[in-house]
2 protein chains.
Amino acid sequence: MNTAADFQADIFSAVAHPNRIRILEMIRYGINCNCEIAPELGMEQSNLSRHLKILVKSGVLRSWKEGLRTNYEIADKRIYKLLDIAADIAKAKLEKQTEVFA
Amino acid sequence: MNTAADFQADIFSAVAHPNRIRILEMIRYGINCNCEIAPELGMEQSNLSRHLKILVKSGVLRSWKEGLRTNYEIADKRIYKLLDIAADIAKAKLEKQTEVFA
DNA sequence: TGTATATATGATCGATTACTCATATATGGA
DNA sequence: TCCATATATGAGTAATCGATCATATATACA
């Protein structure tokens, strides 16, 4: 049986990789094609493809084909909220850490 | 070098496990001792201890000893916000899925 | 139809994760 | 001091993850 915690964990697992977070940020700012993401992130094409697949399979992204290209969009805008909050938490942690040297 | 995405990914990795999410929910509602969490979640003691260690190491939880017990508290309340948003996203996904049968 | 381009996937491999059992450590109380 | 209790950890193992290389597929276009 799948409990709420299982679904939540699936979402977190999907975004629990630096490159997947970077991919989502690029899509957030309008870049929604494989061909533009790969060179920007310096990722091997096959590797990028697999990361995108993980994001689609987990339901974080939706994808559709347009000719040769595969385009992506966020399935639920609240995913960005998750990224923002995590960024805030990380920022607070870093500031607390550097206080020592102030 | 550690980028923002690395820190965000670390936070998501820490909460990317159903039992760790359940642990956080228990701490959220006032249960902050190993000895009460283990039986409630039906986890082996050593397994629980390791999950708690992951949460502390990642900075999600803070811990302190009090006699025999080790107590835990959330390090940043925004972690709960992450859990709530993920729960909302999961809920929306489930509803969309069951629409088919409506 | 042949070729270039964009994306996907099979196979492989090393690293990491989650779990369990057994044992160690550390504290409190008889 | 001895024992019970709470927690931590070493060792072992199966499963999963992330990356890469090579290759397959699928579409557009000359």
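The sequence lines fix the lettering, A, B, ..., with proteins before strands; numbering per chain opens at 1. This is a predicted model, so every value here is computed, not measured.
Nearest-nucleotide positions on DNA chain D for Gln45(B) and Leu68(A) put Gln45(B) closer to the 5' end. Nearest-nucleotide mapping onto DNA chain D: of Met43(A) and Glu66(A), the residue sitting toward the 5' end is Met43(A). Residues Ile54(B) and Ser46(B) each lie close to DNA chain C; by heavy-atom proximity, the contact nearer the 5' end of the strand is made by Ile54(B).
Atom NZ of Lys65(A) and atom C1' of dA28(D) are 12 Å apart (whole Å). Distance Lys57(A) NZ to dT16(D) P: 11 Å, rounded to the nearest Å. If you measure from atom CH2 of Trp64(A) to atom P of dT27(D), you get 17 Å, rounded to the nearest angstrom.
Side chains of Leu82(B) and Phe12(B) form a contact here, defined as non-hydrogen atoms less than 4.5 Å apart. Side chains of Thr70(B) and Ser63(B) form a contact here, defined as non-hydrogen atoms less than 4.5 Å apart. Counting heavy atoms from C-beta outward, His17(A) and Ile21(A) have side chains that stay 4.5 Å or more apart. Using a 4.5 Å heavy-atom threshold, the side chains of Arg20(A) and Ile54(A) count as touching. Residues Ile37(B) and Met26(B) meet the side-chain proximity criterion, which asks for heavy atoms closer than 4.5 Å. Contact annotation: the side chain of Asn71(A) never approaches that of Asn34(A) to less than 4.5 Å [non-hydrogen atoms, C-beta and beyond].
DNA chain D is contacted by His17(A), Arg20(A) of residues 14-25 of chain A, taking any non-hydrogen atom closer than 4.0 Å.
The 12-atom threshold is not exceeded at NZ of Lys81(B), counting heavy atoms of other residues, nucleotides or ligands nearer than 6.0 Å.
Heavy-atom contacts of chain B under 4.0 Å fall on DNA chain C between two terminal nucleotides, which in 5' to 3' order are dA18(C) to dG28(C).
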Sequence neighbours left out, cut at 3.5 Å: what donor-acceptor pairs do the side chains of residues 84-91 of chain B make with other protein atoms?
residue  : atom : partner  : partner atom : Å
Asp84(B) : OD1  : Arg28(B) : NH1          : 3.0
Asp84(B) : OD1  : Arg28(B) : NH2          : 3.4
Asp84(B) : OD2  : Arg28(B) : NH2          : 2.8

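Within 4.0 Å (heavy atoms only), Asn34(B) reaches sugar-phosphate atoms of the nucleic acid but no base atom. At the heavy-atom level, Thr70(B) lies under 4.0 Å from the strands shown only through sugar-phosphate atoms.
Judged by distance alone, the side chains of Asn19(A) and Arg22(A) do bring a donor and an acceptor atom under 3.5 Å apart.
Here His51(A) reaches the OP1 or OP2 of dA19(D): one of its side-chain N or O atoms lies under 4.0 Å away.
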